[in-house]
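Inspection log for the structure reproduced underneath, given as structure tokens.
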Amino acid sequence: QVQLVESGGGLVQAGDSLRLSCAASGGTFGRYTMGWFRQAPGKEREFAAAIKWSGAATTYADSMKGRFTISRDNTKNTVSLQMNSLRPEDTAVYYCAAGNAYGTSHYNSQTSNYPYWGQGTQVTVSS
């Protein structure tokens, strides 16, 4: 079973950039699809991005396409989310998740397809 720990969150201003990282341990990282989700207060958990085990394919939520970039390093067991042009509405707790398959955009965006989750890291964007 894989354990996930996120880092890199913080308080930034609108227009700034931030890079989140997720370190994995306890499993074969290179076999997992990795995803980033976020959850704002009072809202449901929302898909941000996913990357195939090989790194050869990615999926993004429409609202984050062009601003967020997901990447992974299977030699270091890490997955990252580079976030540019941040907006106040990006404020949320960001979660890293691991899943067993990579499919369609709809499949990759479903929380139920990710059995393993980190504890989350807070991102706050001030206007």
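Distance OG1/T111 to CD/E46: 12.0 Å, rounded to 0.5 Å. Here S25 contributes atom OG and L4 contributes atom CG; the two are 7.5 Å apart, rounded to the nearest 0.5 Å. Note that CG of N77 and CE of M34 are 9.5 Å apart. Values are rounded to the nearest 0.5 Å. The line from OH of Y116 to CD of Q1 is 5.0 Å long, rounded to the nearest 0.5 Å. Rounding to the nearest 0.5 Å places OG of S105 at 12.0 Å from OH of Y60. Distance check, rounded to the nearest 0.5 Å: CZ of R38 to CZ of F68 gives 5.5 Å.
Heavy atoms only, all atoms of each residue included: S17 and N84 are closest at OG-OD1, 2.9 Å. The shortest non-hydrogen separation linking V2 to A24 is CG2-CB, 3.8 Å. Contact between G120 and V93 at its shortest, heavy atoms only, is CA-CG1, 3.8 Å. Contact between G99 and Y114 at its shortest, heavy atoms only, is N-CD2, 3.6 Å.
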### Message
Run W53 and Y32 through side-chain contact (heavy atoms from CB on, under 4.5 Å) and show every step you take.
### Response
CA-CA 5 Å; W53 64 271; Y32 291 108; 5.9 Å; no
### Message
Set out, in order, the CA-CA distance, both residues' side-chain angles and the distance that settles side-chain contact (heavy atoms from CB on, under 4.5 Å) for N113 and N108, then state yes or no.
### Response
CA-CA 7 Å; N113 292 325; N108 297 332; over 6 Å; no
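When the side chains of ILVMFWY residues are joined at heavy-atom separations under 4.5 Å, either directly or via intervening members, L81 and Y102 end up in two distinct hydrophobic clusters. Taken together through direct or relayed side-chain contacts under 4.5 Å among Ile, Leu, Val, Met, Phe, Trp and Tyr, F37 and L18 form parts of separate hydrophobic clusters. Hydrophobic cluster membership differs between L20 and Y95, with clusters built from Ile, Leu, Val, Met, Phe, Trp and Tyr side chains linked at under 4.5 angstrom. When the side chains of ILVMFWY residues are joined at heavy-atom separations under 4.5 Å, either directly or via intervening members, Y94 and I51 end up in a single hydrophobic cluster.
No donor-acceptor pair under 3.5 Å is formed between the side chain of E6 and the backbone N or O of T121.
Inspection of the T59 and Y107 side chains reveals no N or O donor paired with an N or O acceptor under 3.5 Å. At a cut-off of 3.5 Å, with distance as the only test, no side-chain donor of S80 or Q82 sits close to an acceptor on the other residue.
Here D90 does not pair with R87 in a salt bridge; the nearest charged N to carboxylate O distance is not below 4.0 Å.
In this structure, R72 satisfies the cation-pi test against F29, with its NZ or CZ atom closer than 6.0 Å to the six-membered ring centre and inside 45 degrees of the ring normal.
No more than 12 heavy atoms of other residues, nucleotides or ligands lie within 6.0 Å of CD in Q119, so this atom counts as exposed by the packing criterion.
Contact of the L11 side chain with the Q122 side chain is not registered, since no non-hydrogen atoms from C-beta on lie closer than 4.5 Å. In this structure, V125 and D16 have side chains that are not in contact, with every pair of non-hydrogen atoms separated by 4.5 Å or more. The side-chain heavy atoms of M64 and W36, taken from C-beta on, include no pair separated by under 4.5 Å.
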